[in-house]
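Everything on this sheet refers to the single structure shown next.
Counting from 1, the numbers follow the sequence of the chain as shown.
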Amino acid sequence: MDALGRYYTRDVISSLLINNFVTKSPKRILDLGVGDASLTIAAYARWTKAEYFATEIEKNKTSKIEKKLSFIKVINCDTLKPNASTKLKIKFGNIDIAICNPPYTRVENKSRYDRLFKSVGCNSFCNLKRITSEIVFFVHNLMLLKNNGELGIIVSDSLITGKDFKLFRETILENFNVRKVIQLPDKIFNKTEARTHIIFISKAKSASKTCELFNANVEGKLSEKIDLNKSELSERMDYQFHKSKIIATYNQKSLKDIGAIIKRGKFSFKELRESKLSFFHSTHFKDFKIQICFEKHIPKKHYDYAAHAGDILMSRVGKRIVGRVAIINSGSVINSDCIYRISVPKKFQKVVLNSFLCPKGKEWLKAFAHGVCSQVISKSDLENFPLFCLH
């Protein structure tokens, strides 16, 4: 990511995005925040007769892109400004296809975008808890698209899975035709592990009740599709989540069904480190195997906040360690607020641990973890974890 929050698009992802449009002969194509122009180059390889328009915030890049690509008209402007759409001098509703890999930054003073959101019928965006740059780019694209025009936009995992953006998903599902969502492989962009997706949306009310979900590999090849009713997509739109839900339907019991008690630690890493007490934090998983023994005595006043023999510890948050587990064979330890302690009846302890560690369990945990960089597994999701190893 550069100083402006931009991650540049790999060629394989550019081709994947371009090849999944249904429009055959677009006349005008738009690339807001053109960056290194990889999306536009891929588009030109498919549509050589179209007119190309773009914006670029850096003035020196604007002239370089136009010299390199003679077929494109690049306007030097800040697309995050509410009036950026007017700078292009393109008649609103005149673009056939919009392609976009927007920057990812948090936007302050979100009320200044109220008029912009309302102009495309997304009034409810004004009620979002927070606004990101990708939402602003999303709306600018919609404003410039013609009726039934198509947008293919790369977005962060937050917009697709985050609870704070459920209203965003509900709004676009209600007002437009969300045709397809492709989950991209992790680490597909250089210097970031951020999980991303491509949304394909048409500027029209949806005539179809279903949406296609796919998973893409590093070569840009797609998995078998999942056809889902759009009413199921407001919760989450990611392929892995819905694939894991389908798998889970074959398993009758969940952690909730066997009476599992899941508690997040009370104290932060900083508080525990300063307390001089023995404790377990997510960074400690690397020092232990699956089975852990503790000998330290737990002060009586902290006993209820500690994990004990038979409890399973799970990292609930992190980049690479989320979903990591271990079981306490003996002793007790205070766990930080980055750790869930999972208590289940003794007869289920081995079943639960093995279910977490088996391939299906790992796939489920990966699918239900959400977030752009540091990912998290919610308690409500974890309660529904299926016991894959219960026979």
From CA spacing to verdict: side-chain contact (heavy atoms from CB on, under 4.5 Å), Thr132, Thr105: CA-CA 6 Å; Thr132 63; Thr105 56; over 6 Å; no
Steps toward side-chain contact (heavy atoms from CB on, under 4.5 Å) verdict (Leu233, Arg169): CA-CA 7 Å; Leu233 293 178; Arg169 296 189 291 276; over 6 Å; no
Is the shortest side-chain N to carboxylate O distance from [X] to [Y] below 4.0 Å?
| X | Y | result |
| --- | --- | --- |
| Lys266 | Asp337 | no |
| Arg195 | Asp186 | yes |
| Asp164 | Lys129 | yes |
| Arg179 | Glu150 | yes |

Do other residues, nucleotides or ligands put more than 12 heavy atoms under 6.0 Å from the [atom1] atom of [X]?
| X | atom1 | answer |
| --- | --- | --- |
| Lys146 | NZ | no |
| Phe348 | CZ | yes |
| Lys110 | NZ | yes |
| Arg115 | CZ | no |

Is it true that a side-chain atom of [X] and a backbone atom of [Y] form a donor plus acceptor pair closer than 3.5 Å?
| X | Y | answer |
| --- | --- | --- |
| Asn20 | Leu16 | yes |
| Lys166 | Glu235 | no |
| Ser63 | Asn60 | yes |
| Lys346 | Gly310 | no |
| His242 | Arg236 | yes |
| Lys205 | Glu174 | yes |
| His284 | His281 | yes |
| Ser315 | Arg324 | no |
| Gln240 | Phe368 | no |
| Trp47 | Lys24 | yes |

Measure across [X] and [Y] and return the closest heavy-atom pair with its distance rounded to 0.1 Å.
| X | Y | answer |
| --- | --- | --- |
| Val34 | Ala54 | CB-CB, 3.8 Å |
| Ser85 | Leu144 | O-CD2, 4.1 Å |
| Val344 | Ala260 | CG1-CB, 3.6 Å |
| Pro26 | Asp96 | CB-CB, 3.8 Å |
| Gly35 | Ile65 | O-CD1, 3.4 Å |
| Leu167 | Thr171 | O-OG1, 2.7 Å |

Give a yes or no on whether the ring-centroid distance for [X] and [Y] is below 6.0 angstrom.
| X | Y | result |
| --- | --- | --- |
| Phe279 | Phe267 | no |
| His370 | Phe241 | no |
| Phe356 | Phe385 | yes |

Check whether any side-chain heavy atom of [X] lies under 4.5 Å from a side-chain heavy atom of [Y], and answer yes or no.
| X | Y | value |
| --- | --- | --- |
| Ser244 | Trp364 | yes |
| Asn329 | Cys293 | yes |
| Ser282 | Ile339 | yes |
| Lys256 | Asn384 | yes |
| Ile312 | Leu353 | yes |
| Val352 | Ser355 | no |
| Ile13 | Leu184 | yes |
| Phe280 | Ile292 | yes |

Taking atom types as modelled, find out whether [X] and [Y] have a side-chain donor-acceptor pair closer than 3.5 angstrom.
| X | Y | value |
| --- | --- | --- |
| Lys230 | Asn177 | yes |
| Asn127 | Ser124 | no |
| Asp157 | Thr161 | yes |
| Asp11 | Ser14 | no |
| Thr40 | Asp31 | yes |

Side-chain donor-acceptor pairs of residues 209-222 under 3.5 Å, sequence neighbours excluded:
residue, atom, partner, partner atom, Å
Thr210, OG1, Ser208, OG, 3.3
Glu212, OE2, Lys225, NZ, 3.3
Asn217, OD1, Glu219, N, 2.9
Asn217, OD1, Gly220, N, 3.0
Asn217, OD1, Lys221, N, 2.9

Do the side chains of [X] and [Y] join up, straight or via other hydrophobic residues, at under 4.5 Å, putting them in one cluster?
| X | Y | result |
| --- | --- | --- |
| Val333 | Tyr303 | no |
| Ile342 | Val325 | yes |
| Leu173 | Ile153 | yes |
| Ile262 | Val376 | no |
| Val139 | Ile75 | yes |

Summary of ring-ring contact (aromatic ring centres under 6.0 Å, His included) pairs that have at least one residue in residues 66-101, sequence neighbours excluded: Tyr44-Phe71, Tyr52-Phe71
Sequence neighbours excluded - ring-ring contact (aromatic ring centres under 6.0 Å, His included) pairs with any residue from residues 123-165: Phe117-Phe125, Phe125-Phe168, Phe138-Phe168
Test side-chain contact (heavy atoms from CB on, under 4.5 Å) applied to Phe200 and Val22, step by step: CA-CA 10 Å; Phe200 292 92; Val22 295; over 6 Å; no
Euclidean distance, Lys59 NZ relative to Cys77 SG, rounded to 0.5 Å: 12.5 Å
Trace of the side-chain contact (heavy atoms from CB on, under 4.5 Å) decision for Lys263 with Ile261: CA-CA 7 Å; Lys263 290 188 176 180; Ile261 299 172; 4.0 Å; yes
